[in-house]
> 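Handing you this structure, nothing more for now.
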Amino acid sequence: MDRWQAMRVFVKVAESGGFASAARHLAMSPPAVTRTVAALEERIGARLFVRTTRSVKLTEAGGRYLDDCRRLLADLEEAEAAAAGSTATPAGTLTLTAPVQFGRLYVLPVVTDYLARHAAVSVRALFLDRVVNMIEEGIDVGVRIGHLADSGLSALRVGSVRRVVCAAPDYLERHGVPASPQDLRDHAVIGSTSPGALPEWRFGPARRMGVTVQSRLACSTVDAALAAAIDGWGIARLLSYQVAPAVAEGRLRILLAEHEEAPVPIHVVSPEGRRAPAKVRAFVDLAAARLRADPRVNPAAGGAAEATPQYTSA
């Protein structure tokens with residue numbers, strides 16, 4: 001049995017949560033994956049997984065062994081890459097994901113710059129308004145907006161955004177400017193039909209103040225709500241990066257800024273962190289520098305970006 005390959009198979013089963021999904025990623029048959037793990041368990045003399053008809057879970061011994069395997073495989077890959085010289089030249093296909101509008105406005109310019117700099121790399125950009133399982137879906141890099149769950153990903157904070165209330169100047173001329181969140185009850189409000197959207201808007205750093213708004217217009221997409229607000233139909237609540245171009249052009253004004261919730265962080269995440277291949281590290285470095293320098297994304301923009309990203313575990 002190839003012990004390195006067996007460890008790779010074991011790690012993939014643990015990360016993907018099943019033998020069938022690991023087989024797909026490894027281009028192996030499910031029986032071959034099952035036999036490899038069984039042989040590894042026999043060699044070690046310990047059970048690594050608890051198998052049921054619905055799930056595959058690590059045993060206590062399997063959890064400890066997983067940490068060791070990841071460390072050993074990372075050291076091996078780093079040694080092989082250094083010997084081959086691949087750490088210096090980004091090459092291959094980079095697959096990344098980001099929210100739809102953030103991807104279009106802020107990530108896509110980074111992608112095109114990255115492609116111009118690295119001729120041996122191609123990019124698959126998946127702009128999706130859902131949190132993807134990066135390991136199961138083969139994603140190299142992701143941009144995530146919001147507080148991160150403990151996922152085992154390596155995360156690099158690059159900025160933050162705010163949830164803002166906004167309206168067009170002509171709407172405010174006709175209907176007045178709300179002085180407090182409670183005044184929103186007397187205004188036309190543009191709501192959302194997205195899953196999880198609530199009629200109560202929360203305000204304040206601790207989100208202690210709640211105002212129930214009645215939305216005569218509810219939109220399923222950010223672009224539609226944004227267009228309605230710019231057209232002067234009513235007041236919308238969106239993320240600051242989504243309204244930044246219209247605010248800069250004077251087509252929208254931000255309201256009730258003193259009542260805003262705490263900012264929401266933006267992270268660039270990857271499964272491999274510091275030990276990622278050159279194509280990933282090059283993109284993360286470029287994305288971090290570009291996003292940190294953009295005041296629409298990073299309120300502290302103006303200082304020098306970090307030369308070396310400081311990763312933390314998500």
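One is the number of the first residue; the rest follow in order along the sequence. Every value quoted in this text rests on a predicted model; they were computed, and no experiment measured them. Keep in mind that the numbers below use all heavy atoms, side chains included, and drop hydrogens, waters and symmetry copies.
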> If you look only at pairs with a residue in residues 13-28, which of them pass as a side chain to side chain donor-acceptor pair (under 3.5 Å), with sequence neighbours excluded?
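Passing the test, one end in residues 13-28: E15-R70, S16-S21.
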
> Determine yes or no for a side-chain-to-main-chain donor-acceptor pair under 3.5 angstrom, with T59 supplying the side chain and G62 the backbone.
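Such a contact is found between T59 side chain and G62 backbone.
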
> With a 4.5 Å cut-off on side-chain heavy atoms, are L255 and V164 touching?
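No - every pair of side-chain heavy atoms lies 4.5 Å or more apart.
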
> Hydrophobic clusters here meaning ILVMFWY residues chained together by side-chain heavy-atom distances under 4.5 Å, can you tell me if V50 and L66 are in one?
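Each belongs to a different hydrophobic cluster.
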
> Between R185 and V213, is a side chain to side chain contact (heavy atoms under 4.5 Å, CB included) present by the stated rule, with each step listed?
CA-CA 6 Å; R185 298 190 182 101; V213 296; 5.8 Å; no

> Please examine the side chains of P265 and H147, heavy atoms only from C-beta on, and report whether any two atoms are closer than 4.5 Å.
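Yes, at least one pair of side-chain atoms sits under 4.5 Å.
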
> To the nearest 0.5 Å, how far apart are CG in D2 and CG in L40?
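Rounded to the nearest 0.5 Å, the CG-CG separation comes out at 11.0 Å.
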
> Shared ILVMFWY cluster between L94 and V143, side chains joined below 4.5 angstrom?
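Per the 4.5 Å side-chain linkage, L94 and V143 are co-clustered.
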
> Hey, could you give me the OG/CZ distance between S192 and R237, rounded to the nearest 0.5 Å?
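That separation rounds to 12.0 Å.
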
> Measure the SG-CE distance between C69 and M7 for me, rounded to the nearest 0.5 Å.
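Rounded to the nearest 0.5 Å, the SG-CE separation comes to 5.0 Å.
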
> Any chance you could lay out the side chain to side chain donor-acceptor pair (under 3.5 Å) test for S270 and S154, step after step, and finish with the verdict?
CA-CA 5 Å; S270 70; S154 294; 5.1 Å; no

> Among the clusters formed by ILVMFWY side chains lying less than 4.5 Å apart, do W233 and V189 turn up in the same one?
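Each belongs to a different hydrophobic cluster.
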
> Might you point out which heavy atoms bring Y65 and F10 nearest each other, and give the distance in Å?
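Where Y65 meets F10 most closely, the heavy atoms are CD2-CE2, 3.5 Å.
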
> Assess whether atom CD of E249 is packed by more than 12 heavy atoms of other residues, nucleotides or ligands within 6.0 Å.
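Above 12, so yes.
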
> Any sub-3.5 Å donor-acceptor pair from R144's side-chain atoms to T97's backbone N or O?
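No; judged by distance alone, with no hydrogens or angles, the pair does not exist.
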
> Is there a side-chain contact between L26 and V9 in this structure, where contact means two heavy atoms from C-beta onward sitting under 4.5 Å apart?
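Yes - at least one pair of side-chain heavy atoms lies under 4.5 Å apart.
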
> State whether R130 and E137 are salt-bridged, where the test is any N-O pair (Lys NZ or Arg NE/NH1/NH2 against Asp/Glu carboxylate O) under 4.0 Å.
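Salt bridge between R130 and E137, a charged N being under 4.0 Å from a carboxylate O: yes.
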
> I'd like to know if the side chain of Y114 and the backbone of K279 have a donor-acceptor N/O pair within less than 3.5 Å.
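Indeed, once roles are kept as given, a pair shorter than 3.5 Å links the two residues.
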
> Considering all heavy atoms of both residues, which atom of V121 and which atom of A91 are nearest to each other, and what is their separation?
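Looking at all heavy atoms of both residues, the closest pair is CG2-N, 3.5 Å.
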
> Same cluster or not: V131 versus I266, using hydrophobic residues (I, L, V, M, F, W, Y) connected whenever any side-chain heavy atoms lie under 4.5 Å apart?
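The answer is no; the residues belong to distinct hydrophobic clusters.
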
> Ignoring hydrogens, what is the shortest heavy-atom contact between P99 and Y241? Give both atom names and the distance.
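Result for this residue pair: CB-OH, 4.4 Å.
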
> Side chain to side chain contact (heavy atoms under 4.5 Å, CB included), that's the test. Do V141 and V268 meet it? Break it down for me.
CA-CA 7 Å; V141 183; V268 177; 3.6 Å; yes

> Taking atom CZ as the centre, does R253 end up with more than 12 heavy-atom neighbours from other residues, nucleotides or ligands that are less than 6.0 angstrom away?
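Not buried by this count: 12 neighbours or fewer within 6.0 Å.
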
> Is any side-chain heavy atom of T221 less than 4.5 Å from a side-chain heavy atom of V100?
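They are not in side-chain contact.
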
> Does this structure show an ion pair linking R117 with D113, if we count only N-O contacts that are shorter than 4.0 Å?
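Yes, charged N to carboxylate O under 4.0 Å.
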
> Check whether more than 12 heavy atoms from other residues, nucleotides or ligands sit under 6.0 Å from atom CD of E258, and answer yes or no.
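Yes, enclosed.
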
> Should W201 and L256 be marked as a side chain to side chain contact (heavy atoms under 4.5 Å, CB included) after you check the CA-CA gap, both sets of side-chain angles, and the distance that decides it?
CA-CA 12 Å; W201 289 2; L256 305 173; over 6 Å; no

> Quick check: are there more than 12 heavy atoms from other residues, nucleotides or ligands sitting under 6.0 Å from CZ of R202?
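Counting other residues, nucleotides and ligands, CZ of R202 exceeds 12 neighbours.
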
> List the atom of T193, the atom of S220, and the distance in Å for their closest heavy-atom pair.
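Minimum heavy-atom contact is OG1-CA, 3.0 Å.
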
> Are side-chain heavy atoms of D140 and T93 found at a separation under 4.5 Å?
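Heavy-atom side-chain distance check fails, nothing below 4.5 Å.
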
> Using a cut-off of 6.0 Å, state whether more than 12 heavy atoms not belonging to Q214 lie near its atom CD.
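At most 12 heavy atoms, drawn from other residues, nucleotides or ligands, come within 6.0 Å of this atom.
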
> Parallel, tilted or perpendicular for F203 and H259, by the 30°/60° rule?
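If you compare the ring of F203 with that of H259, the planes turn out perpendicular.
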
> When you measure from the side chain of D183 to the backbone of S180, do you find a donor-acceptor pair of N or O atoms at a distance under 3.5 Å?
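Pair found, side chain donor or acceptor close to backbone of S180.
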
> Using 0.5 Å steps for rounding, measure from the CG atom of L184 to the OG1 atom of T212.
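It is 11.0 Å, given to the nearest 0.5 Å.
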
> Check whether T95 reaches the backbone of I139 with its side chain - one donor and one acceptor, N or O, closer than 3.5 Å.
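No, T95 side chain to I139 backbone: no donor-acceptor pair under 3.5 Å.
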
> Run the side chain to side chain contact (heavy atoms under 4.5 Å, CB included) test on R292 and V297 for me, step by step, so that the C-alpha distance in whole Å, both residues' side-chain angles and the decisive distance to 0.1 Å come before the verdict.
CA-CA 7 Å; R292 284 174 169 164; V297 172; over 6 Å; no

> Can you check whether F102 reaches Q242 side chain to side chain, under 4.5 Å on heavy atoms?
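In short, these two side chains do not touch, never coming nearer than 4.5 Å.
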
> Ignoring hydrogens and angles, tell me if any N or O in the side chain of Y171 forms a donor-acceptor pair with the backbone of I230 under 3.5 Å.
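No, because the side chain of Y171 does not come within donor-acceptor range (under 3.5 Å) of the backbone of I230.
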
> Decide yes or no for R163 and E260: does some side-chain heavy atom of the first lie under 4.5 Å from some side-chain heavy atom of the second?
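Result no, sub-4.5 Å side-chain heavy-atom pair not found.
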
> Any idea how F19 and F49 line up, ring-wise: parallel (<30°), tilted (30 to 60°), or perpendicular (>60°)?
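F19 and F49: perpendicular rings.
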
> Could you see if I190 belongs to whatever hydrophobic cluster contains I254? Use Ile, Leu, Val, Met, Phe, Trp, Tyr and a side-chain cutoff under 4.5 Å.
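No: no chain of side-chain contacts under 4.5 Å links I190 to I254.
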
> Quick one, N298 and V158 - any side-chain contact, counting heavy atoms below 4.5 Å?
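No, too far: nothing below the 4.5 Å cut-off.
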
> Is it true that, when you exclude R208 itself, more than 12 heavy atoms of the residues, nucleotides or ligands shown sit nearer than 6.0 Å to its CZ?
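No, the 6.0 Å shell around CZ holds no more than 12 heavy atoms from other groups.
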
> Using a strict cut-off of less than 4.0 Å between a Lys/Arg side-chain nitrogen and an Asp/Glu carboxylate oxygen, indicate whether R51 and E41 qualify as a salt bridge.
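Here R51 pairs with E41 in a salt bridge, since their nearest N and O are under 4.0 Å apart.
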
> Grab the two heavy atoms, one from S29 and one from A23, that are nearest each other, plus how far apart they are.
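Looking at all heavy atoms of both residues, the closest pair is C-CB, 3.9 Å.
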
> On a heavy-atom basis, which atom in P178 and which in I235 lie closest, and how many Å separate them?
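Nearest pair, atom of P178 first, then I235: CG-CD1, 4.1 Å.
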
> Using a strict threshold of under 4.0 Å (side-chain N to carboxylate O), is an ion pair present between R104 and D223?
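Yes.
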
